[in-house]
Amino acid sequence: MENSRVADLLDEIADLLELKGANEFRIRSYQAASRTVRSTSRRLQDMIEQGESFETLPNVGVSTAGKIREILDTGTCKRLEELRAEWPQGLIQVMGVEGIGPRKAMKLYQELGVQSLEELQQAAAAGRIQEVEGFGEKSQRQILRGIQTLSGTSDRILYSEAVQQVESLRRHLAELDTVKQWEIAGSYRRGRETVGDLDVLVLAEDRMRAATQLSSHKEIAAVISQGSEKLSVRLQSGLQVDFRFCDAANWGAAVFYFTGSKDHNIAVRRIAQEHDWKLNEYGLFSGEDRMAGKTEQEVYAALGLQWIPPELREDRGEVEAARQGTLPVLVDLDDIRGDFQSHTVASDGSHTVQQMADAARKRGYSYLAITDHSKRVAMAQGLDDDRCLRHADEIRSVDAQMEDLWVMAGIEVDILQSGTLDLKHKTLEQLDWVVGSIHYDRRLSEDKMTDRLLAAIESGVIHCLAHPLGRIIGRREPLLFDTARVFESCVNNGVFLEINAQPDRLDLPDTYCQDARSMGAMFTLGSDAHSVGGLGWMGVGINVARRAWLQKEHILNTVSVSTLRQQLERS
DNA sequence: GCCGTTTTCGGCCCGACTGTTTTCAGTCG
């Protein structure tokens with residue numbers, strides 16, 4: 001079982017306890033354990049096999065360690081089953097709607113018998129919600145909106161979660177003697193922020209035997225269909241995986257075809273049609289003759305195209321660029337020399353400045369910006385002016401000990417409702433790196449929100465606008481503001497736009513980056529790591545940058561430390 | 001339920017907004 005699945009079950013325990021009105025610290029404790037499990041780079045299964053105790057993990061004590069072991073052994077645990085028996089399963093989904101927490105979910109359950117999202121939707125549509133004490137017309141409207149947001153993405157999982165499923169598949173596939181070659185295609189290969197299912201191409205001579213071996217994967221909950229071309233299964237996590245069998249002769253064509261996107265395929269096929277050729281998953285054909293199909297390169301080349309990186313395959317001009325030989329050289333993870341957003345125990349991170357710095361150096365970075373929260377983010381124990389400056393001193397003393405890493409004294413300062421910043425300019429001016437971001441007062445009119453952002457950008461003290469949209473994928477809508485004006489102001493004021501690499505943020509998203517880039521914007525990548533493991537999210541951020549056609553020269557993280565110092569001195 | 005100890009139990013995440021009320025509960029980050 002994968003870490004993410006264990007984390008899901010711990011979260012479910014926390015949710016059910018919350019519904020019950022259990023001790024909030026106990027709830028938080030399960031959530032903390034879940035976060036640890038989710039973000040740790042060690043596989044729990046591996047830890048068991050190597051005889052290591054889960055109690056060595058932060059936020060995991062005797063009790064939770066026992067439950068994790070139980071979950072790994074049996075797929076669930078007694079405590080969870082007890083809690084599940086107490087309340088309707090659907091109430092957790094109801095709690096997932098923005099604006100509905102445990103109390104409201106319980107109230108609606110008790111007053112209206114709402115046990116599921118569907119029943120919530122019906123109750124809201126019928127106007128019954130606003131009749132309940134404590135609710136009104138606005139709550140009812142917000143609930144309908146919230147359900148819509150949820151249903152838009154509920155059938156897709158985050159890319160980062162898919163990565164874990166793929167890792168598990170990878171280990172299984174590596175052990176099968178029937179599988180000669182395999183590749184994950186689809187939106188996963190294109191690096192999309194969410195993934196609906198996995199398309200796995202498999203090269204095997206004996207397909208029947210391969211199918212049997214594939215089906216033996218421990219993570220499979222059910223086989224949906226099985227034939228000579230395709231095996232479809234559903235994993236325990238709910239994710240569907242389609243294995244498609246190919247031959248060596250059409251391998252490239254199949255990889256091309258199943259990587260998509262649909263629109264990209266159509267655009268490429270149109271070129272084949274111009275020549276009276278036919279392009280499908282079995283190859284490029286002139287009449288009955290297969291002209292190409294072994295590799296993707298061969299297929300593209302036969303059509304007079306450069307090979308197109310999967311991240312660009314969205315029919316956003318890449319086919320024309322490939323035809324003219326003008327595809328961009330996309331930024332790569334290897335180009336990244338540092339990270340511009342990270343947190344420590346000074347606010348809501350779980351590691352110290354020293355630990356974060358050591359981890360950054362281990363990754364081969366030349367610089368790491370420590371950007372803890374400012375005081376407005378009270379729940380994170382954000383820093384006031386005094387603490388901010390003292391923290392900067394601490395960062396600099398760590399920096400002085402590091403030979404080949406610049407630990408940048410920074411802050412993530414909140415942009416308040418008025419557009420002023422949460423800390424004094426005099427304070428911010430003493431720091432190496434200032435990112436500005438919005439966490440509160442999210443529901444302003446578009447005009448007010450735009451003015452608020454412009455004020456911050458024009459303040460002259462922020463280097464970077466962090467997670468500009470403030471969205472959480474599938475859960476929180478983006479802030480409403482005039483993106484063109486904001487991007488333009490960033491360009492004019494030399495303020496970088498962040499691509500926040502938190503897997504559920506990925507903010508700015510690719511299409512916004514493309515728009516901003518066309519206006520001349522420059523970017524930073526920030527893992528927004530809240531622990532040493534979190535630095536690893538950089539790779540997910542790179543996907544976004546690549547999908548946005550960004551090159552090395554558009555991204556500050558690719559410059560050397562000396563160039564970075566020069567650039568920051570000038571600005 | 002975890003953590004860090006003053007090693008056996010107290011502290012842990014708190015401030016502000018929203019929508020509902022008429023003084024505040026619930027939610028959010």
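Chain identifiers are assigned alphabetically (A, B, ...) following the order of the sequence lines, protein sequences preceding nucleic acid strands; residue numbering begins at 1 within each chain.
- Two residues are said to be in side-chain contact when any heavy atoms from C-beta on lie closer than 4.5 Å; A:T524 and A:H463 fail this criterion.
- Looking at heavy-atom distances under 4.0 Å, A:R79 makes no contact with the nucleic acid at all.
- A:E18 comes within 4.0 angstrom of no nucleic acid atom, judged by non-hydrogen atoms across all strands.
- When heavy atoms are screened at a 4.0 angstrom cut-off, A:R443 is found touching the sugar-phosphate backbone but no base atom.
- Ionic pairing of A:K107 and A:E133 is present here: one or more N-O contacts between side-chain nitrogen and carboxylate oxygen are shorter than 4.0 angstrom.
- Counting any heavy atom pair closer than 4.0 Å across all strands shown, A:D441 reaches sugar-phosphate atoms only and no base atom.
- Using a 4.5 Å cut-off on side-chain heavy atoms (C-beta onward), A:L112 and A:F135 make no contact.
- Nucleic acid contact class of A:I27 (heavy atoms, under 4.0 Å, all strands): none.
- Once you apply a 4.0 Å limit to the heavy atoms of chain A, the touched nucleotides of DNA chain B run 5' to 3' over B:dG1 to B:dG29.
- Across all strands, A:Q142 comes closer than 4.0 Å to no nucleic acid atom at all (heavy-atom distances).
- Ionic pairing of A:E131 and A:R128 is not present here: no N-O contact between side-chain nitrogen and carboxylate oxygen is shorter than 4.0 angstrom.
- Relative ring orientation between A:W433 and A:F340 is described as tilted, the plane-to-plane angle lying within the 30° to 60° band.
- Pair check for B:dT8 finds none; no Watson-Crick or G-U wobble contact set falls under 3.5 Å.
- A:H530 and A:H373 have tilted rings, their planes meeting at an angle from 30° to 60° on a 0 to 90° scale.
- Among the atoms of the strands shown, only primed sugar atoms or phosphate atoms (P, OP1, OP2) are found under 4.0 Å from some heavy atom of A:F135.
- Residues from residues 111-133 of chain A that place a heavy atom under 4.0 Å from any atom of DNA chain B: there are none.
- Note on A:K67: only backbone sugar-phosphate atoms sit closer than 4.0 angstrom, heavy atoms only; bases stay farther off.
- Using a 4.0 Å heavy-atom cutoff across all strands shown, A:R26 reaches at least one base atom of the nucleic acid.
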